[in-house]
Student: 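Following this message is one structure expressed as structure tokens.
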Amino acid sequence: MNSEQQLSLFDNSTAPAVPQPDLIPTDAKIPIPPGTYAHMTELAQHCNHCYRCPLGATRTHAVVGKGDLKAPIMIVGEAPGQNEDETGLPFVGRAGQLLDKILASVGLNAQEDAYVCNIIKCRPPSNRVPTTDEIAACKPYILEQIRLVDPKVILLTGATAVKGLTGNKTGITKIRGTWIEWEGRLCMPILHPAYLLRNASREQGSPKWLMWQDMQLVKAKIDELGATSG
């Protein structure tokens, strides 16, 4: 099926109101309409057959997400690494273990209070930063994930996640710990757990100390909204 034929699936006034996932175009030039997926399983299946950017040709698994599909918190990272590509799950290495501990430190349950995903679903070669085109090709998936989970709060880990979702280019050290509104949703940029692993200090002003301050704000907001599992 060529691009013109794929486009006609959505331009035809007689087409179904809700597009069928198996007809969704894999060409990044053709958008995936909002409301396409009824369930995360459908989205995951399509991600694993997606070639909207060149990363589809080099992946082992698409890395869609993990956690509670009704979680009050969505945590958005940058991109899968080697461990994630091999397992098909996000944040499974040391950074993921630290993320779980960070959540637990403020009384949040990683399995019940959070849904974790990345801006892009396939690993970039050598774990490089994803390109603008790769992020744009994959963005419909993260938008659908946000719609399906409908979190109360979105945590954006690192500058790539912030820029990729909101378009905000402010450096992460300047914007972290501040609430921002995006598309009617409450978002907070935070430091990436991998960054904390490279900075062991817990002294005042250190990355770990800053993360502790930020997560207390997140917990207070979640408590205010009455949205935790406990």
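What you see below is based on every heavy atom in this structure, not just the backbone, and it leaves out hydrogens, waters and symmetry mates.
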Student: Please name the residue in the list Lys139, Arg123, Arg128 that meets the salt bridge (charged side-chain N to carboxylate O under 4.0 Å, His left out) test with Glu134.
Tutor: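 Testing Glu134 for a salt bridge (charged side-chain N to carboxylate O under 4.0 Å, His left out) against Lys139, Arg123, Arg128 leaves exactly one candidate, Arg128.
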Student: Please round to the nearest 0.5 Å and tell me the distance separating atom CE of Met74 and atom OH of Tyr115.
Tutor: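 Rounded to the nearest 0.5 Å, the CE-OH separation comes to 6.0 Å.
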Student: Could you give the distance from CD1 (Ile154) to SG (Cys187), rounded to the nearest 0.5 Å?
Tutor: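 That separation rounds to 4.0 Å.
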Student: Is it the case that one hydrophobic cluster holds both Ile75 and Val63, taking links as side-chain heavy atoms less than 4.5 Å apart, direct or via other members?
Tutor: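 Different hydrophobic clusters.
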Student: Mind checking whether His192 and Phe91 have parallel, tilted or perpendicular rings, split at 30° and 60°?
Tutor: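 Rings of His192 and Phe91: parallel, under 30°.
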Student: Could you tell me if the side chain of Ile146 sits less than 4.5 Å from the side chain of Leu165, heavy atoms only?
Tutor: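 They are in side-chain contact.
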Student: Please report the closest heavy-atom contact between Gly107 and Lys219, naming both atoms and the distance.
Tutor: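 For Gly107 versus Lys219, the nearest heavy atoms are O-CE, 3.8 Å.
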Student: Quick one: pull up CZ in Arg52 and SG in Cys47 and give me the separation to the nearest 0.5 Å.
Tutor: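 Going from CZ on Arg52 over to SG on Cys47, the span is 10.0 Å.
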Student: Using 0.5 Å steps for rounding, measure from the OG atom of Ser105 to the CE atom of Met215.
Tutor: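 Answer for the OG-CE pair, Ser105 versus Met215, is 6.5 Å.
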Student: Donor-acceptor pair, Arg176 side chain versus Pro189 backbone, under 3.5 Å?
Tutor: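 Such a contact is absent between Arg176 side chain and Pro189 backbone.
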Student: Side chains of Asn109 and Asp68, heavy atoms from C-beta outward: is any pair under 4.5 Å?
Tutor: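 A side-chain contact under 4.5 Å is absent here.
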Student: Looking at side-chain heavy atoms only, is the closest gap between Lys221 and Val153 below 4.5 Å?
Tutor: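 In contact.
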Student: Say whether Val76 and Val129 are linked into one hydrophobic cluster, either directly or through other cluster members, by side-chain heavy-atom distances under 4.5 angstrom.
Tutor: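 Val76 does not cluster with Val129.
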Student: Give the cluster check for Ile142 versus Leu89: same hydrophobic cluster or not, with ILVMFWY residues linked at side-chain heavy-atom distances below 4.5 Å.
Tutor: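 No, it is not one cluster - the side chains of Ile142 and Leu89 are not joined through contacts under 4.5 Å.
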Student: So Val106 and Trp212, side chain to side chain contact (heavy atoms under 4.5 Å, CB included) or not? Walk me through it.
Tutor: CA-CA 8 Å; Val106 293; Trp212 171 242; 3.5 Å; yes
Student: Indicate the atoms forming the closest heavy-atom contact of Val218 with Trp179, along with that distance.
Tutor: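 It is CA-CZ2, 4.0 Å.
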Student: Answer yes or no: is there a side-chain heavy-atom contact under 4.5 Å between Leu69 and His39?
Tutor: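 Answer yes - side chains close enough.
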Student: If the threshold is 4.0 Å, N to carboxylate O, is there a salt bridge linking Asp85 and Arg59?
Tutor: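 The answer is no: the pair does not qualify as a salt bridge.
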Student: Side chains of Leu196 and Ile102, heavy atoms from C-beta outward: is any pair under 4.5 Å?
Tutor: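 Yes, side chains in contact.
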Student: About how many Å separate OG1 of Thr170 and CD1 of Ile175, when rounded to the nearest 0.5 Å?
Tutor: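 Those atoms lie 4.5 Å apart.
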Student: Verify side chain to side chain contact (heavy atoms under 4.5 Å, CB included) between Gln97 and Val92, making sure each step is shown before the conclusion.
Tutor: CA-CA 7 Å; Gln97 294 169 8; Val92 293; over 6 Å; no
Student: Can you check side chain to side chain contact (heavy atoms under 4.5 Å, CB included) on Thr157 and Ile172, steps first, answer last?
Tutor: CA-CA 9 Å; Thr157 65; Ile172 191 65; over 6 Å; no
Student: Is there side-chain contact between Asp113 and Ile222, with heavy atoms separated by less than 4.5 Å?
Tutor: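 Side-chain contact under 4.5 Å: no.
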Student: Can you tell me how far apart CG (Leu103) and CD1 (Ile73) are? Round to the nearest 0.5 Å.
Tutor: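 These two atoms lie 6.5 Å from each other.
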Student: Where is the tightest heavy-atom contact between Asn118 and Pro80, given as atom of each residue plus distance?
Tutor: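 Scanning both residues completely, I find the closest heavy atoms to be ND2-N, 3.8 Å.
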Student: For Thr36 versus Glu42, what's the shortest heavy-atom pair and its separation?
Tutor: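 Nearest heavy atoms, Thr36 then Glu42: O-OE1, 4.5 Å.
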Student: Does the side chain of Met188 reach to within under 4.5 Å of the side chain of Leu156, using non-hydrogen atoms?
Tutor: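 Met188 vs Leu156: side chains apart.
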Student: Decide yes or no for Pro130 and Glu78: does some side-chain heavy atom of the first lie under 4.5 Å from some side-chain heavy atom of the second?
Tutor: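 In contact.
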Student: Using modelled atom types and a 3.5 Å cut-off, is there a donor and acceptor pairing between side-chain atoms of Glu144 and backbone atoms of Gly35?
Tutor: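 A pair under 3.5 Å: yes.
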Student: Taking Asp214 for the side chain and Ile190 for the main chain, is one N or O donor matched with an acceptor at less than 3.5 Å?
Tutor: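 Not confirmed, Asp214 side chain does not pair with Ile190 backbone.
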Student: Will you find, in the side chains of Asn168 and Thr166, an N or O donor that is under 3.5 Å from an N or O acceptor?
Tutor: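 No, no side-chain donor-acceptor pair sits under 3.5 Å.
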Student: Atom CZ of residue position Arg202 - does it have more than 12 heavy atoms of other residues, nucleotides or ligands inside 6.0 Å?
Tutor: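 No, because the 6.0 Å sphere around CZ of Arg202 holds 12 heavy atoms or fewer from other groups.
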Student: Between Asp150 and Arg185, does at least one N-O distance fall below 4.0 Å, as a salt bridge requires?
Tutor: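 Result for this pair is yes, salt bridge flagged.
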Student: Check step by step if side chain to side chain contact (heavy atoms under 4.5 Å, CB included) holds for Tyr141 and Val64.
Tutor: CA-CA 9 Å; Tyr141 296 127; Val64 178; over 6 Å; no
Student: So which atom in Leu210 and which in Gly205 form the shortest heavy-atom distance, rounded to 0.1 Å?
Tutor: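 Heavy atoms of Leu210 and Gly205 come nearest at CD1-O, 3.8 Å.
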Student: Is Lys163 atom NZ crowded by more than 12 heavy atoms from other residues, nucleotides or ligands, each under 6.0 Å away?
Tutor: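 Open: at most 12 neighbouring heavy atoms sit under 6.0 Å from NZ of Lys163.
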Student: Output yes when a side-chain donor or acceptor of Lys152 lies under 3.5 Å from a complementary backbone atom of Leu225, and no otherwise.
Tutor: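 Not a single qualifying donor-acceptor pair exists.
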Student: Do you know the tightest heavy-atom contact between Cys117 and Gln145?
Tutor: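 Shortest heavy-atom separation between Cys117 and Gln145 comes out as CB-NE2, 3.9 Å.
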